[in-house]
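Worksheet for the structure shown next.
Just so we're on the same page: letters track the sequence lines, and every chain starts at 1. Only heavy atoms go into these numbers, but all of them, side chains included; no hydrogens, no water, no symmetry mates.
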Amino acid sequence: MESLITAAARALQAGDPLGALNRVALRNDAPSLALRGIAMAQLGDLAKAKTLLRSAARAFGPREAVARARCVVAEAEIALVSRDLNWPANTLAAARATLASHGDLANAAHAGHIEARRLLLLGRLDDAERTLTDINSTPLSPASQVARELVIAGIAIRRLRTKDARAALGRAASAARQAGIPALAAEVESASHVLDTPAARLITRGHERPLRLEEVEDLATSEALVVDTFHHAVRRRGILVPLGRRPVLFALARILAQAWPADVSREALITGAFQARHVDESHRARLRVEIGRLRTKLKPLADVSATSQGFALTPHKTPGKTRDVLVLARPVEEKHANVLAFLSDGEPWSSSALALALGTSARTVQRALEELARSNKVQSFGHGRARRWMTPPVPGFPTGLLLPGPLLKT
Amino acid sequence: MKRSAAEIVREYGPFAGVEAVHGVTYDGTHVWFASGDRLNAVDPADGKIARSIDVAAHAGTAFDGRHLFQIAEDRIQKIDAATGKVLATIPAPGGGGDSGLAWAEGSLWVGQYRERKIHQVDPQTGKILRTIESKRFVTGVTWVDGELWHGTWEGEDSDIRRIDPETGKVLEQLDLPSGTMVSGLESDGGDHLFCGGGNRGNVRAVRRPRRG
């Protein structure tokens, strides 16, 4: 390889992007463009990095397929970190195949990890897992091992399998130490915080306490009747009554569950579930209808019985077990919590990427974002299609750039 | 043009702490190779590193009988082989796009990688005396018995080729197995050519075909 390119690549590897830029700043041949792109990415100028990598990919001749594929992988990683989920996934798949067929297994694995992270972010957990399985046979560098374990942990957390998540994070931490990259170790540590910070609130018999993810997981096997505000459902073990499409019924169930074992007055139910200011006879009639509907829905799990002043929830007896009613709520309850959950990774998102990730329309997301912006919970920058939304950074999904290993060592 | 598969006689390395080999030369006893921040002397008999000099070493390496020449960034360093001291530097003709380096007939011969050129350079001043065009990316250059050989790497394939120093025409070509890289080339003066293995971090000895 060329002298100055070697010198610049060594500087990059040693964590000195400015030193690398010094050496190739004025050159426009393909390897120089690629090196400049990676240096700019490491310096945080992702837009510039993207342009440079794209020109580098073009400048590498058709015979330099591997070098070209590495540029594509680097560009895909930048797209992922800037939450540009519309970036063509098939381009990445093609680059990955090229790298694998030319024996560059390390970078092929890296491409696979980027693909898995993208799928994880889109909530396609099975596909993400399948992608990881494909990479399984490759011996990985410690840094790649960290990336892999973070994806495994991410999948486990979203599947509420905290033991698996902890094990993966443990492996990630030791791989990060082995890699000796402080940024990676910090990323693993911040990912681990997710498991130790309250994931939900448990409300029962008028008391509430924070729950860690592990305890949320335990609820799945508990005998208690759970009113789940995450999924808008009422459940006990295997029996699930989804009320996502019936918000009034869910509101009633929740109010009753929070008061359990006490009953709730008609007035309290009407003001709580119908958001009515003055209770009149028409509300009472509506309450009777809705309670009837709720009763039908909850038949497999509980009864809704009338009391002298209102209604009470009576869960069915389970043999040999105490009856208990729990409400599982978000740690902090606010509107548009799902939008905030994605933004809480601290990265800038476009509203269209959020819509894609949430599986809703862009207009719905836009409305939510505007509402959140009015209460200063999110901020935006840029205009038009380039507009991005973010919250002040908090620990979350891996955001660091690993970039393809030895990009230029051919 | 004669074309055949390269016969790899022996492999040296990988060596501890060596990620990639950027240049190769031979001083009659040891094979020297450049590994980024140092020059290493390998005993070809036992394949062990006998000595090393801490000096920037990013591309081609050459030996003129007393001095080692080593490309670093955009210059060529002249190094006292005995003491390891850098005695002088001259600008490299490719301005940093340089790759292979050889010494012959009082001149330095420098490969310019992507430009697919070999320059003959005055070792005192760095002045380009003439330029030979090659058809491939040049990764290593050597002269032996009046033959000019150079390594190539393009796409995923490497070969070692003998070219006509006047016209650049390829006279003979030894193909390396696919995915095997040649970075740095040097003759041992006899039947062997030493070539660097790029990011495999090794050095190979390839048989130089005899002519009747």
For the student: nearest non-hydrogen atoms of B:G95 and A:L4, plus distance
O-CD2, 3.7 Å
Mind checking the CD-CZ spacing from B:E73 to A:R23? Nearest 0.5 Å is all I need.
3.5 Å
Report the distance from atom CG of A:D29 to atom CZ of B:R114, rounding to the nearest 0.5 Å.
6.0 Å
Within a 6.0 Å radius of atom CZ on B:R66, are there more than 12 heavy atoms belonging to other residues, nucleotides or ligands?
no
Going through the checks in order, is the side-chain contact (heavy atoms from CB on, under 4.5 Å) test met by B:F137 and A:E64?
CA-CA 11 Å; B:F137 290 172; A:E64 293 173 277; 3.5 Å; yes
Pick one of side chain, backbone, both or neither for A:R27, based on which atoms fall under 4.5 Å of a heavy atom in chain B.
side chain
Is A:R68 atom CZ crowded by more than 12 heavy atoms from other residues, nucleotides or ligands, each under 6.0 Å away?
yes
Looking only at heavy atoms, what is the nearest atom pair of A:S3 and B:A72, with distance?
OG-C, 3.5 Å
Let me confirm one number: the CZ-CZ distance from B:R136 to A:R63, rounded to the nearest 0.5 Å.
4.5 Å
CD/B:Q112 to CD/A:E2 distance, rounded to the nearest 0.5 angstrom?
8.0 Å
